[in-house]
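Because only heavy atoms are used, hydrogens play no part in the values below, and waters and symmetry mates are left out as well, while side chains stay in. Along the sequence shown, residues carry numbers from 1.
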Amino acid sequence: MTTRSLLAIVGRRWYIVLVGLVAAGAAFLLLRSPGAYTAEARVAFVSPGISDVGQTDDGQLETLTAFAAAVEREYHDGKPSDRLAENATLYGAGVSKGVQALLPNTGGQWQMSFATAAIDLSVVGPSPTWVLDQRDAAVRRIQQITLHQQQASGVAPKNRITTLVIPGSQVGHVGPSKSTEVRGAAVLLLLGAGLSTAAAAVLDGVVSRRRHRRALSAPPPLRATRSAGGSA
């Protein structure tokens, strides 16, 4: 099939190509990701009588880190926490709505090291209000677990570990870049145009073959004959 004949088919079956392009546009709108909003915070654990995390010595740090690990386990109801690769984000891992609470890992990929007495919170969700509400709720739960564990252990108020909330940056927005969206739209439109053109060619061929068969099976046209006794 030549380019000229293909263009002729597209001209005759333009409505099929139009439907394909409209379907491709609709698919792009449906598959297009609106992105998500993110919020972060760190809940640091502070030794009794200390108001600054920087004043903790090495001996206290080990105790605080162990306590933070216990709080993290209770936060996750005793289940193992899902850890992403280092520097990976929730949104980058395919999560569009969720909360992550983890001890900071200062180790590498093969061996983890938890030397920071804190729990990092990362929230991703559909709106700024939602992520802030979920972050604040997670902070309150960590604080409640911290207090409950020490009350249950009979620790006197003056000897209790306290928490210090360190908010992250302002609510952020993550999502595909404009160039990625343009490339995605172009690919879908090309795919829609190609498939609809192929469908138009197939339909045009079917219609042409049917017309040809009808033409072959039709009886020959009657021819007028002159009578034998015609006028001289």
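Residues Ile119 and Leu103 have side chains in contact (heavy-atom distance under 4.5 Å, counting atoms from C-beta outward). A 4.5 Å side-chain heavy-atom check between Gln150 and Ser153 finds every atom pair outside the cut-off. A heavy-atom distance below 4.5 Å is found between the side chains of Gln143 and Val165. A 4.5 Å side-chain heavy-atom check between Val124 and Tyr37 finds every atom pair outside the cut-off. For the pair Val71 and Val43, the minimum side-chain heavy-atom distance is 4.5 Å or more. Residues Pro126 and Lys97 are in side-chain contact: their nearest non-hydrogen atoms beyond the backbone lie under 4.5 Å apart. With a 4.5 Å cut-off on side-chain heavy atoms, Asp120 and Gln100 do not count as touching. Counting heavy atoms from C-beta on, the side chains of Arg13 and Val17 never come closer than 4.5 Å.
Scanning for side chain to side chain donor-acceptor pair (under 3.5 Å) contacts around Arg141 gives Asp77, with sequence neighbours left out. Under the rule for a side chain to side chain donor-acceptor pair (under 3.5 Å), the partners of Arg12 that lie at least two apart in sequence or sit in another chain are Asp204. For Asn159, the side chain to side chain donor-acceptor pair (under 3.5 Å) test picks out no residue, with sequence neighbours left out.
Of all the heavy atoms in Gly192 and Ala24, the pair that sits closest is CA-CB, 4.1 Å. Here the shortest heavy-atom pairing between Ala118 and Ala68 reads N-CB, 4.1 Å. The heavy-atom pair separating Arg135 from Ala41 by the smallest distance is CD-CB, 3.6 Å. Closest approach of Leu189 to Gly25, counting heavy atoms only: CD2-N, 4.5 Å. Across all non-hydrogen atoms, the minimal contact from Ile16 to Leu203 is CD1-CD2, 3.1 Å. Here the closest non-hydrogen pair linking Phe45 and Leu64 is O-CD1, 3.5 Å.
In this structure, CD in Gln151 is found 11.0 Å from OG1 in Thr146, a value given to the nearest 0.5 Å.
Between the side chain of Arg160 and the backbone N or O of Val155, at least one donor-acceptor pair lies under 3.5 Å. A side-chain donor-acceptor contact under 3.5 Å links His76 to the backbone of Ala101.
Hydrophobic cluster membership differs between Ile145 and Leu147, with clusters built from Ile, Leu, Val, Met, Phe, Trp and Tyr side chains linked at under 4.5 angstrom.
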